[in-house]
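Beneath this line is the structure, given in structure tokens, with notes to follow.
One-based numbering, in listed order, for ligands and for the atoms of each. Just so it is clear, the values below take in all heavy atoms, side chains as well, and ignore hydrogens, waters and symmetry mates.
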Amino acid sequence: MNILHTSFECYPIAKVGGLADVVGALPKYQQKLGHTASVVMPCYTNDFVKKAKYKYIHEGALWLDKVSYTYAIRKVVSPDLGFDVFQIYIEGLLDTKDVYNYANDTQRFISFQLATVDWLTSLEELPDIIHCHDHHTGLIPFMLKHTKSDPNLQKIPTVFTIHNAQYQGQISFEKLSYLPDFDKKKIGLLDWGNCINPMASAIKCAWRVTTVSPSYMKELQAKANGLEELLRHEKSKCIGILNGIDTQIWNPETDLFIIKNYSQNNVVSGKKANKKWLCDQYNLNIAKPLFVFIGRLVGEKGADLLPEIIEEALSNTDINIIILGSGDTAIEERLTVLRENFIGRCYIHIGYDEKLSHIIYAGADFLMMPSRVEPCGLNQMYALRYGSIPIVRRTGGLKDTVIDIGDDGFGICHDQTTTWDVNYSIKRGIAFYDNQKEYKKNQKRIMKIDHSWDHSANQYVTLYKSLIP
Ligand code: ADP
Ligand code: GLC
């Protein structure tokens with residue numbers, strides 16, 4: 001089977017969050033299953049792109065808001081990522097350094113989708129499946145069916161994955177002219193809430209819709225930032241498939257980012273070396289349990305509560321804390337102020353640092369995820385693989401991947417995103433840590449849990465097969 005993934009992120013080329021990790025891993029595992037899986041994404045002007053080697057394979061033109069643009073498709077020749085990556089270059093639109101947050105994001109997203117569909121019309125052999133990820137590629141199912149009168153394109157089954165329903169990419173109908181001509185009777189397929197809603201359009205037009213965990217799919221039927229009614233209506237074509245992790249990259253035995261590699265056999269000394277590095281670096285005490293948070297500093301992750309959680313925990317318990325994240329300016333500022341008050345007990349790194357994140361997964365004792373909403377969450381699975389105990393709120397993918405120690409499980413779970421719940425869980429963590437025999441037994445146990453993509457990649461393939469005649 002020939003599978004084409006379309007996405008704005010793909011690790012290691014461009015990463016903002018978990019979407020990149022998924023799109024950088026799923027095709028690799030689908031290749032392992034004997035399929036041809038590739039990715040089409042924008043050609044940014046970041047460090048990866050500057051160092052990579054490319055082959056130009058196609059050039060074309062598109063119209064966007066009465067302006068004509070040329071686009072080029074470049075195939076990544078090296079480094080070898082284990083699957084083909086095609087990057088679309090459009091000067092003035094997709095040649096940005098970063099992935100998102102430009103004034104012309106709407107034009108950028110639409111131009112990428114127009115170029116992708118246009119490129120497909122030039123291919124001798126079409127993909128068997130087009131798998132679109134998140135709202136940036138959500139108009140592709142509509143475009144394939146209704147903006148080209150090519151029956152071959154209309155026949156390609158499309159799968160749309162909702163990685164996070166908070167971001168739907170709404171566009172005012174005033175910008176309808178950005179889209180190519182289509183039968184205006186079909187306009188309802190773009191509309192949700194009186195605007196063009198790419199995520200809603202994908203839910204309506206894609207052949208199948210998936211979310212990144214079964215629990216999140218159930219939750220979306222009740223609460224989906226305005227999409228719940230639509231998702232209930234389209235329920236029969238929706239399915240939750242749990243994300244996996246790339247166990248080649250996230251492997252403490254071989255991870256090149258961490259200070260000392262380790263396996264289940266030497267987890268205690270291995271983690272200790274990584275923790276020591278963190279403690280030396282950030283003036284923390286290695287004898288104390290280390291609680292960490294890594295992630296986007298946004299409300300969905302419960303990050304707005306971090307200042308209160310830290311103050312409460314450091315006033316009443318004897319632990320160390322490390323926070324690595326970036327996001328809402330207000331949260332960043334509050335954390336920056338707090339950092340000065342707890343020097344020697346808490347280290348807060350505002351920013352994005354891939355290498356440091358790996359060392360923290362390796363050196364931490366506990367990883368906190370007090371998410372209000374978590375479609376899947378990858379951090380808890382990375383923590384498990386690196387022998388760090390996840391402390392999670394029971395929601396979405398966290399509920400599907402972490403079982404509480406009180407229920408014969410291996411992690412710590414709480415029901416609400418409140419300072420009280422998190423601090424209560426921290427205290428449970430400390431008590432568990434004090435029983436070093438059980439704690440170490442659990443460490444070995446969690447490292448053995450298999451969250452690799454093997455299983456879920458197969459589930460996607462089964463789904464694709466059900467769509468191919
Ligand atoms: P989301 O995609 O909602 O941000 P996920 O748990 O799916 O959450 O994935 C987050 C990914 O981004 C993980 O690989 C995590 O390690 C990484 N990450 C998040 N914030 C940072 C940061 N500040 N520095 C480095 N890596 C980060
Ligand atoms: C989104 C979600 C996160 C999920 C990731 C990858 O960013 O917020 O929970 O793990 O996508 O699917």
Side-chain angles (χ1 to χ4, degrees), residues 5 7-12 14-26 99-100 131-137 160-168 199 210-217 219-220 224-225 240-247 249-250 255 257-258 292-303 306 322-328 331-332 335 347-362 364 367-386 388 390 392-393 395-402 451 453 456 460:
H5 293 270
S7 170
F8 257 64
E9 297 180 42
C10 174
Y11 183 84
K15 170 167 168 177
V16 175
L19 170 63
D21 289 359
V22 170
V23 178
L26 176 57
V99 180
Y100 311 119
H131 188 154
C132 305
H133 296 266
D134 265 352
H135 74 82
H136 333 99
T137 65
F160 178 71
T161 295
I162 302 174
H163 290 264
N164 193 324
Q166 189 186 2
Y167 310 100
Q168 299 170 14
M199 184 164 278
T210 70
T211 58
V212 288
S213 71
S215 285
Y216 186 57
M217 182 55 98
E219 290 166 9
L220 284 182
N225 302 89
I241 298 179
L242 189 69
N243 280 339
I245 61 171
D246 187 332
T247 50
I249 288 174
W250 295 94
D255 189 330
F257 285 135
I258 66 177
V292 305
F293 171 97
I294 299 171
R296 293 183 292 119
L297 300 176
V298 295
E300 277 203 338
K301 302 278 178 198
L306 285 173
I322 293 181
I323 309 285
L324 169 62
S326 60
D328 288 355
I331 305 178
E332 289 186 355
L335 286 169
Y347 175 72
I348 296 169
H349 182 109
I350 303 292
Y352 189 92
D353 191 327
E354 188 74 24
K355 177 179 166 70
L356 180 58
S357 76
H358 285 240
I359 304 174
I360 297 177
Y361 288 116
L367 175 102
M368 303 181 284
M369 295 185 76
S371 308
R372 290 191 178 85
V373 177
E374 195 60 81
C376 178
L378 301 171
N379 302 16
Q380 78 281 13
M381 298 194 252
Y382 298 147
L384 291 169
R385 187 147 167 83
Y386 283 68
S388 310
V392 305
R393 165 155 186 249
T395 186
L398 298 176
K399 200 157 126 186
D400 294 343
T401 49
V402 182
H451 275 301
W453 268 106
S456 302
Y460 276 113

Practice prompt. Assess whether side-chain contact (heavy atoms from CB on, under 4.5 Å) is satisfied between Leu306 and Leu297, documenting all intermediate values.
Written response: CA-CA 9 Å; Leu306 285 173; Leu297 300 176; 4.1 Å; yes
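Relative ring orientation between His358 and Phe257 is described as perpendicular, the plane-to-plane angle rising above 60° on a 0-90° scale split at 30° and 60°. Between His133 and His131, the angle of the ring planes stays under 30°, which puts this pair in the parallel group of the 30/60° scheme. The aromatic rings of Phe8 and His136 sit tilted relative to each other, their planes meeting at an angle between 30° and 60°.
Within the 4.5 Å cutoff, the side chain of Lys301 has no heavy atoms near those of the Asn379 side chain. Leu19 is listed as a side-chain neighbour of Ser7, based on a closest heavy-atom distance under 4.5 Å.
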Note down each nitrogen or oxygen pair, ligand 1 side and protein side, whose separation is under 3.5 Å; give only atom names and the distance to 0.1 Å.
| residue | atom | partner | partner atom | Å |
| --- | --- | --- | --- | --- |
| ligand 1 | 2 (O) | Gly18 | N | 2.6 |
| ligand 1 | 3 (O) | Arg296 | NH2 | 2.8 |
| ligand 1 | 3 (O) | Lys301 | NZ | 2.8 |
| ligand 1 | 4 (O) | Arg296 | NE | 2.8 |
| ligand 1 | 6 (O) | Leu378 | N | 2.9 |
| ligand 1 | 6 (O) | Asn379 | OD1 | 2.9 |
| ligand 1 | 8 (O) | Lys301 | NZ | 3.0 |
| ligand 1 | 9 (O) | Gly18 | N | 3.2 |
| ligand 1 | 14 (O) | Lys15 | NZ | 2.8 |
| ligand 1 | 14 (O) | Asp21 | OD2 | 2.7 |
| ligand 1 | 16 (O) | Tyr361 | OH | 2.8 |
| ligand 1 | 23 (N) | Gly351 | O | 2.8 |
| ligand 1 | 24 (N) | Asp353 | N | 3.0 |

List ligand 2's nitrogen or oxygen atoms that come under 3.5 Å of a protein nitrogen or oxygen, with the partner atom and distance.
| residue | atom | partner | partner atom | Å |
| --- | --- | --- | --- | --- |
| ligand 2 | 8 (O) | Asn164 | ND2 | 3.2 |
| ligand 2 | 9 (O) | Glu374 | OE2 | 2.5 |
| ligand 2 | 9 (O) | Pro375 | N | 3.4 |
| ligand 2 | 9 (O) | Cys376 | N | 3.0 |
| ligand 2 | 9 (O) | Gly377 | N | 3.0 |
| ligand 2 | 10 (O) | Gly377 | N | 2.8 |
| ligand 2 | 12 (O) | His163 | ND1 | 2.7 |
| ligand 2 | 12 (O) | Asn243 | ND2 | 2.8 |

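Legend: residues meeting salt bridge (Lys or Arg N to Asp or Glu O under 4.0 Å) with Asp255, ordered by chain and number and at least two apart, are absent. Remark: Arg372 engages Asp304 in a salt bridge (Lys or Arg N to Asp or Glu O under 4.0 Å) (not counting sequence neighbours).
Between Ser388 atom OG and Tyr382 atom OH the span is 14.0 Å, to the nearest 0.5 Å.
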